[in-house]
Amino acid sequence: MAQAGAGSLPAMMVGMTEGKQSGKEHKQDHKAKQYGVTPQSEDFNDWYNEVVKKADLADHSPVAGAMVVKPYGTALWERIQRGLDDRFKATGHQNLLFPTLIPMGFIMKEADHVEGFAPELFTVSKIGTEELAEPYVMRPTSETIIGHMWSGWLNSYRDLPFLHNQWGSVFRAELRTKPFLRTSEFFWQEGHTAHASEAEARAEVRQQLDEYHSFCRDVLALPVVRGEKTASERFAGAENTYSIEGMMRDGKALQSGTSHYLGQNFSRAFEVKFQTAEQREEFAYTTSWGLSSRIIGALIMTHGDDFGLMLPPNIAPIQVVIVPVGRKEDFAQMVEEARRLAAELEREGIRVKVDDREGLTNGFKYNDWELKGVPVRIELGPRDLEAGQLVVKNRTSEDKETLGRVDAVTSMDARLDGIQRYLYERAKNFMLENTVTVDTYDEFKAAIEAGKWVRAFHCGDPESERQIKEDTKATARNVPFDDAEFFADREEGVCVHTGKPAAYGKRLLFGRQY
RNA sequence: CGAGGCGUAGCGCAGGCCGGUAGCGCACUUGGUUUGGGACCAAGGGGUCGCAGGUUCGAAUCCUGUCGCCUCGACCA
């Protein structure tokens, strides 16, 4: 019975595998069906674009490089927002909202900042037909206007720290775009804080990066490497930039969140100063940190497979989908039963959806929910009802299980936890297996060419980094922290590129990147 | 923004070289038969051929421009 269905699975898997290997015609087949996607191994780009579209995450808008995030994608983003927002609040941060339009002059006030952002600014120079005396820019980030406002709000050290965060979107013109990964407008959170001392500001920078890290690990099941960016990869206007880097299933790195120590650069430019307890005047020490909707791209590319998305239960908008099966005359009753079951699962705190769509075959529904990455599917039919059992299938497994109904409900939470852990372990192992340690430039090039991450010594010279990028398209992702759980060992050596003594006292992580 | 490719029904495509008023598969609607891994039969609905100009008696087709998407490059989260 249930085994009959499970029995035909391997045949289908083989079919999919053949499709991978024999080229164009099969690719057309994948595309022709509304719910099939090009296998990852055949064309990772096509796979990604098709998953985004067919899983109903996002769609292209008529505006160049600006996407529309559809309800399913937005549900995902909202869950990410809520998770992060709770964490920010728990550490004393407050949300506020700044204008999208920033006076052009503000951007000009911090030298590195201007230089970094000038090429990608959208500018508003008219209202109606009236030319503006001073144009606005669409914010590429909000350090400047926040600095401007802070200068008016800050008098005494007693006012500090400012622990602010804004949820919104920013604009950075992109000539080459990709949904979630690189769009001209993107959605994010930008935290901005001001402190009375460098030490406190630095602690904040680290705290928020760690927050991103644990959120990625525990909620998104994304293993990420915490570390500091090299000088050439630093945020425009920052003293130090730190990042979390994740590995996608094509071996490329994705910077998944950043945190910056801005020192007094912006506070000087915007006169964000205060009186100390000793009655001296001092500029505030500021930070900023951001995580964007790009993280959805990380979820897609870290966990997804040839069947589509695979969402970690802790973030999945729908954790369990119930598909009522059986003959037409039983369907209405099965839907009833499925709703009853859904209510039981909801009482366990689980997010459930009953697929009560009529006229679609079960197989179609199974594929549909697999494409959308729902972690667990339950099949409920007359036979199950009679036997007091359910057929349960994890998105992460090929096998169906037949379980007693009560057990299935009470063990669902543990099952979801298991899937969550499995996804993290799988991604972690993938990252570790695809990272190699090298000591020669030839090995370096070969490893990058093979789509790996590379751990290598570097002299710290930006010109050498530039050269490496030109040769290999790989950049220094970051210098892992001493207490990063991956790649943290301190070592001495010589630069893999120049042969000069290595900087940083450890190997850097290099890779091609999104 | 440079080079290349592509825009024809919701999706995937054919037609274009050789101009004559648009077609296929899937999806959709209705009816019937089905239903535990992408159903079947029958009858239907849906397209100013991305947009704007031009050439022509006539343009999906030829020409020019423009917008958008994809790949590579330069730039970036």
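Nothing here was measured: the structure is a model prediction, and the numbers come from that model. Here is the naming used below: chain letters follow the sequence lines, and residue numbers restart at 1 for every chain.
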Give a yes or no on whether a donor-acceptor pair under 3.5 Å exists between the nucleobase atoms of [N], that is its base, and the side chain of [X].
X	N	value
A:R327	B:G36	no
A:N367	B:G37	yes
A:D368	B:G38	no

Need one value for [X]: base, sugar-phosphate or nothing, where a base atom within 4.0 Å counts as base even if backbone is also close, heavy atoms only.
X	result
A:E174	base
A:K469	sugar-phosphate
A:P62	sugar-phosphate
A:S243	nothing
A:F186	base
A:G65	sugar-phosphate
A:L291	nothing
A:T475	nothing
A:Q255	sugar-phosphate

Nearest-angstrom distance from the residue atom [atom1] of [X] to [atom2] of [N]:
X	N	atom1	atom2	result
A:W188	B:C76	CH2	P	15 Å
A:E386	B:G36	CD	P	17 Å
A:D471	B:A74	CG	P	12 Å
A:E329	B:U34	CD	P	8 Å
A:E50	B:C11	CD	C1'	10 Å

> Using the benzene-type ring in the case of Trp, are the ring centres of A:F88 and A:W289 under 6.0 Å apart?
Replying inline: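 Centroid separation for A:F88 and A:W289: below 6.0 Å.
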>> Would you say the ring centers of A:F444 and A:H497 fall short of 6.0 Å from each other?
In response: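 No, too far apart.
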> Is the A:F186 ring parallel, tilted or perpendicular to the A:W188 ring (thresholds 30°, 60°)?
Replying inline: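 The arrangement is perpendicular - the two ring planes meet at more than 60°.
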> When you measure from the centre of the six-membered ring of A:Y261, is the NZ or CZ of A:R202 under 6.0 Å away and within 45° of the axis?
Replying inline: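 Checked: cation-pi criterion met.
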>> Does the Lys NZ or Arg CZ of A:R377 fall within the cation-pi geometry relative to A:Y366 - under 6.0 Å from the ring centre and within 45° of the axis?
In response: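 Here A:R377 passes the 6.0 Å and 45° test against A:Y366.
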What's the closest nucleotide to the [X] side chain, out of [options]?
X	options	result
A:K178	B:G37, B:U71, B:C69	B:U71
A:H60	B:G68, B:C70, B:U35	B:C70
A:D384	B:C1, B:C69, B:G36	B:G36
A:P179	B:A74, B:C70, B:C28	B:C70
A:E370	B:G37, B:G36, B:C69	B:G37
A:P382	B:G37, B:U35, B:G36	B:G36

>> Testing the 3.5 Å rule here: is there a donor-acceptor pair between the side chains of A:R415 and A:N394?
In response: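 Yes, A:N394 and A:R415 have a side-chain donor paired with an acceptor closer than 3.5 Å.
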> In terms of side-chain heavy atoms, does A:Q189 have a donor or acceptor partner in A:N165 at a distance below 3.5 Å?
Replying inline: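 Yes, a side-chain donor-acceptor pair sits under 3.5 Å.
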Answer yes or no: does a side-chain N or O of [X] lie under 4.0 Å from OP1 or OP2 of [N]?
X	N	answer
A:K365	B:G36	no
A:T361	B:C40	no
A:N45	B:U71	yes

>> If I pick the C1' atom on B:C13 and the same atom on B:A60, what distance separates them, to the nearest angstrom?
In response: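 Going atom to atom, C1' in each nucleotide, I get 15 Å.
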> Can you tell me how far P in B:A14 sits from the matching atom in B:G46, rounded to whole Å?
Replying inline: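 It works out to 25 Å between them.
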>> Return whichever of A:K229 or A:N362 has its heavy-atom-nearest nucleotide of RNA chain B closer to the 5' end.
In response: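 Taking each residue's closest nucleotide, the earlier one in sequence belongs to A:N362.
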> 5'-most contact on RNA chain B: A:V63 or A:S184, nearest heavy atom basis?
Replying inline: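 The residue closer to the strand's 5' end, by nearest nucleotide, is A:V63.
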